[in-house]
There are 2 protein chains.
Amino acid sequence: MITIYDIAKLTGFSPTTVSKVFNDYPDVSLKTRRKILEAAEQLGYLPNAHARSLTTKRSWTIGILYNESSGVGMLHPYFAGVIEGFKKVATSRGYDLMFISKDIGGKKSGYLEHCKIRGVDGVVGILPDYSDPDFTELLDSDVPMVLLDQESETRGTVYSDNLDGSIRAVQYLYDLGHRKIGHIGGGNTFAGVKRMQGYLQAMQELRLPICEEHIIQGSYDYTMESGRIAMEQLLQAADSPTAVFAAGDNLAIGAMQAVKDHGLSIPGDISIIGFDDIAMAGFLTPSLTTVRQNTHALGNKAADMLIYTIEGGTTISSEVIPVELVARDSCRAIE
Amino acid sequence: MITIYDIAKLTGFSPTTVSKVFNDYPDVSLKTRRKILEAAEQLGYLPNAHARSLTTKRSWTIGILYNESSGVGMLHPYFAGVIEGFKKVATSRGYDLMFISKDIGGKKSGYLEHCKIRGVDGVVGILPDYSDPDFTELLDSDVPMVLLDQESETRGTVYSDNLDGSIRAVQYLYDLGHRKIGHIGGGNTFAGVKRMQGYLQAMQELRLPICEEHIIQGSYDYTMESGRIAMEQLLQAADSPTAVFAAGDNLAIGAMQAVKDHGLSIPGDISIIGFDDIAMAGFLTPSLTTVRQNTHALGNKAADMLIYTIEGGTTISSEVIPVELVARDSCRAIE
DNA sequence: CTGAAAGCGCTAACAT
DNA sequence: ATGTTAGCGCTTTCAG
């Protein structure tokens with residue numbers, strides 16, 4: 001391995017000067033800088049990140065926390081989209097991304113321990129359930145952090161405008177003439193709660209009766225299967241809804257299947273609207289009307305915030321990313 | 001930060017002995033070991049991975065190479081599934097995962113450079129196109145590596161049995177009575193080529209005429225949109241096929257949409273079979289018959305191989321993971 | 001069984 | 001503008 005000492009030897013300068021060149025110190029003459037750079041090129045020098053981190057206490061690494069236990073995490077397009085967006089700005093700002101699991105070195109440990117051992121500069125959390133005690137330990141630590149889909153007194157957070165999106169979804173169905181509007185919820189997750197809240201609020205504002213039978217919780221991991229089961233229940237209801245707002249596209253897809261299984265048509269018999277706008281939404285039959293989350297913007301913003309914090313900023317803010325209703329074919333006007 | 005020196009001071013032993021305890025050296029008395037462990041616990045000691053890596057030249061980090069330029073990468077369920085599987089075994093063996101991009105430190109560089117600077121112990125590649133010159137540089141290096149969806153003389157590789165899967169897909173359609181079987185290809189990717197080959201081979205073995213008009217390439221990134229476009233072309237064909245084998249589920253989904261857009265029914269007018277078995281497949285209407293790739297096994301196997309290589313093993317092998325035909329509703333028997 | 005000493009590659013005061 | 005020195009936290013001979 002080529003080190004700065006090799007370059008120093010070759011050029012006759014000291015290792016310090018060599019180091020200065022690579023760190024863009026101003027107090028190196030242009031001539032020296034050139035010589036050193038040339039020698040580095042010639043020798044094929046590459047810096048050693050570990051050595052650098054050891055002295056500077058900066059690893060230029062950001063940890064990604066995500067749900068590993070439930071199958072969801074990575075496999076959900078939402079997660080993938082956010083990470084894509086996050087990675088783009090993190091990379092451009094010089095940071096690399098590392099997955100932080102509860103285990104390290106093949107042994108059980110915890111998020112905080114893992115972060116400390118790896119010396120990550122900060123962490124981005126994308127979890128459905130932030131109440132995990134192992135997570136709160138990290139939350140109470142001094143590790144810079146930004147959270148997706150969460151509110152916090154002490155940390156920056158980023159999330160979609162779930163409330164607005166839900167209200168618009170219900171309003172949209174209302175405008176199409178629907179009065180019996182059901183909801184398939186996203187369980188006790190941050191987004192699930194917010195969307196439920198938006199649904200309830202919209203129903204109230206529109207002076208629509210809120211019928212308990214028309215509100216069914218899907219699972220916290222937004223699986224299609226749980227959407228299917230929820231819709232089954234909705235269809236059992238005495239006076240089943242003419243339209244359903246599902247808290248996630250996967251839930252909506254499961255719901256669509258249940259409707260079809262009952263020999264009913266979408267949107268003929270029941271209109272369905274989802275939340276997310278996963279890539280698939282436009283390719284379903286019928287194509288799914290949904291509330292689009294801007295996952296890319298979510299990721300971008302989260303990275304901006306985290307890096308700001310890492311680099312000394314201190315604002316604790318909540319960034320709310322606007323959503324957009326995408327009208328397709330799964331809802332129809334009635335009456 | 002608590003270091004081994006703090007523990008040494010507290011217990012009265014030398015830093016060396018402390019280090020030995022954490023590295024499970026046998027030549028430390030049980031009593032000493034206990035005292036040191038206790039002190040470590042009490043002080044809240046956590047090792048510093050950078051310092052350790054600096055001396056040992058082992059980072060316990062594995063780099064993930066994936067396609068960042070095309071939007072595909074991370075967003076495709078295939079990728080996510082493989083990484084999930086990979087991560088599980090890597091984590092259990094003590095390794096963490098880091099994304100390796102072409103950039104590092106916010107500057108353009110290259111995969112190899114990035115790997116060297118970060119000192120990863122090995123790399124797993126999941127790329128559609130391994131001919132990227134920036135990648136071949138890494139391929140020619142001494143960095144331990146395993147490749148997905150690729151064959152190589154010098155590196156371990158893991159891939160699904162694309163040939164077998166494709167042959168079975170065609171055979172399945174044949175058994176249902178189909179004789180005019182079209183193919184939507186996965187472009188010039190490893191999997192695309194293999195699946196095309198399987199299609200052609202099966203057609204020949206079944207003594208079915210191979211009609212150029214019935215073979216259309218989708219895009220190398222397997223987008224639904226490209227599947228839709230390909231199917232449009234297939235429908236223009238003078239004597240359009242009664243069944244289509246698509247090289248990926250996304251392609252199949254796009255194809256299904258095109259068929260429906262033409263007022264035709266699946267499987268009434270045209271049968272379609274895909275490849276992948278993404279989570280969505282069973283929830284489409286009609287549900288999609290497809291060839292299931294075991295992404296989890298792919299990831300597991302790749303991790304096993306890579307770690308074996310990292311830890312001194314030298315076998316260069318290709319591991320082929322079996323696939324499975326999942327019959328659903330998008331294909332029907334004719335005549 | 002325990003410890004002293006050296007060194008991994010780099011950076012940061014602090015001279016000069 | 002350049003160099004000296006010390007040290008980041010840990011492991012590894014090698015001696016005792």
Side-chain angles (χ1 to χ4, degrees), chain A residues 1-40 43-61 94 104-105 113 115-121, chain B residues 1-37 39-40 43-61 94 104-105 113-121:
Chain A
M1 187 181 217
I2 307 296
T3 73
I4 53 170
Y5 286 89
D6 298 313
I7 299 179
K9 206 164 293 170
L10 184 62
T11 57
F13 293 103
S14 74
T16 305
T17 304
V18 175
S19 172
K20 284 180 174 174
V21 168
F22 293 122
N23 289 285
D24 287 323
Y25 275 60
D27 60 345
V28 182
S29 81
L30 207 75
K31 213 187 271 180
T32 338
R33 182 179 302 275
R34 251 203 274 281
K35 275 187 199 159
I36 287 175
L37 253 17
E38 197 177 308
L43 293 173
Y45 168 77
L46 292 176
N48 179 321
H50 298 299
R52 199 201 300 260
S53 296
L54 187 55
T55 52
T56 60
K57 271 101 180 69
R58 291 274 272 119
S59 64
W60 295 94
T61 304
I104 185 168
E113 198 171 321
C115 288
K116 293 285 191 188
I117 292 175
R118 283 294 185 176
V120 297
D121 293 334
Chain B
M1 187 181 215
I2 308 296
T3 73
I4 52 171
Y5 285 88
D6 298 311
I7 299 178
K9 208 163 291 168
L10 183 63
T11 58
F13 293 103
S14 73
T16 305
T17 304
V18 176
S19 170
K20 283 180 174 174
V21 168
F22 293 121
N23 289 284
D24 287 324
Y25 274 62
D27 60 346
V28 182
S29 81
L30 207 75
K31 215 188 270 179
T32 320
R33 183 180 301 275
R34 253 202 274 280
K35 276 187 198 159
I36 287 176
L37 252 18
L43 294 173
Y45 168 76
L46 292 176
N48 179 319
H50 298 299
R52 200 202 297 262
S53 295
L54 186 55
T55 53
T56 61
K57 271 101 179 68
R58 290 275 271 117
S59 65
W60 294 94
T61 304
I104 186 169
E113 200 171 322
H114 197 151
C115 289
K116 293 283 191 188
I117 292 175
R118 282 293 185 175
V120 298
D121 294 334

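Within every chain, numbering begins at 1; the chains are lettered A, B, ... in the order of the sequence lines, protein sequences first and strands thereafter.
Looking at A:R118 and B:T61, their side chains do bring a donor and an acceptor atom within 3.5 Å of each other.
The separation between B:D27 atom CG and D:dA15 atom P is 16 Å, rounded to whole Å. Rounded to whole Å, the distance from CG on B:D24 to P on D:dT12 is 13 Å. In this structure, A:I117 places its CD1 atom 20 Å from P of D:dC8, rounding to the nearest Å. To the nearest angstrom, C1' of C:dT2 lies 16 Å from CD1 of B:I7. The CZ-P distance, from A:R33 to D:dT2, rounds to 10 Å in whole Å. A:K116 places its NZ atom 16 Å from the C1' atom of D:dG9, with the value rounded to the nearest Å. One atom, NE2 of A:H50, and another, C1' of D:dT11, lie 15 Å apart when rounded to the nearest Å. The CZ-P distance, from A:F13 to C:dC10, rounds to 18 Å in whole Å.
A close approach under 4.0 Å does not occur between any side-chain nitrogen or oxygen of B:S14 and OP1 or OP2 of C:dA4. In this structure, B:N48 does not reach the D:dC8 phosphate: none of its side-chain N or O atoms is under 4.0 Å from OP1 or OP2. The side chain of A:Y45 places an N or O atom within less than 4.0 Å of a non-bridging phosphate oxygen (OP1 or OP2) of C:dC10. For B:T17 and C:dG3, the shortest distance from a side-chain N or O to OP1 or OP2 is below 4.0 Å. A:R52 has a side-chain polar atom (N or O) that falls below the 4.0 Å cut-off from OP1 or OP2 of C:dT11.
B:G119 comes within 4.0 angstrom of no nucleic acid atom, judged by non-hydrogen atoms across all strands. Nucleic acid contact class of A:F22 (heavy atoms, under 4.0 Å, all strands): none.
Of the two residues near DNA chain C, A:K20 and A:P15, the one whose nearest nucleotide lies more 5' is A:P15. Taking for each of B:A51 and B:S29 the nucleotide of DNA chain C with the nearest heavy atom, the 5'-most of the two is the partner of B:S29.
Picking from C:dC1, D:dG9, C:dG3 the nucleotide with the shortest atom distance to the side chain of B:T55 gives D:dG9. Out of D:dT11, C:dC10, C:dT2, the shortest distance to the side chain of A:P47 is found at C:dC10. Comparing C:dG9, D:dT11, D:dT2 against the side chain of B:L54 picks out C:dG9 as the nearest. Distance from the side chain of B:T32 is smallest to C:dC1 among C:dC1, D:dA1, D:dC10. Distances from the side chain of B:Y25 to the nucleotides C:dG9, D:dG3, D:dT12 place D:dT12 closest.
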A:S14/A:T17 under side chain to side chain donor-acceptor pair (under 3.5 Å): CA gap, chis, key distance, verdict: CA-CA 5 Å; A:S14 74; A:T17 304; 3.2 Å; yes
CA sep, side-chain torsions, deciding dist, call: B:I117, A:N48, side chain to side chain contact (heavy atoms under 4.5 Å, CB included): CA-CA 5 Å; B:I117 292 175; A:N48 179 321; over 6 Å; no
Steps toward side chain to side chain contact (heavy atoms under 4.5 Å, CB included) verdict (A:I7, A:F22): CA-CA 12 Å; A:I7 299 179; A:F22 293 122; 3.9 Å; yes
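Heavy-atom minimum distance, A:R33 versus A:Y25: NH2-O, 2.7 Å.
Taking the six-membered ring for Trp and thresholds of 30 and 60 degrees, B:H50 and A:H50 have ring planes inclined between 30 and 60 degrees apart.
Judged by distance alone, with hydrogens and angles left aside, B:T16 brings a side-chain donor or acceptor within reach of the base of D:dT12, the pair sitting under 3.5 Å.
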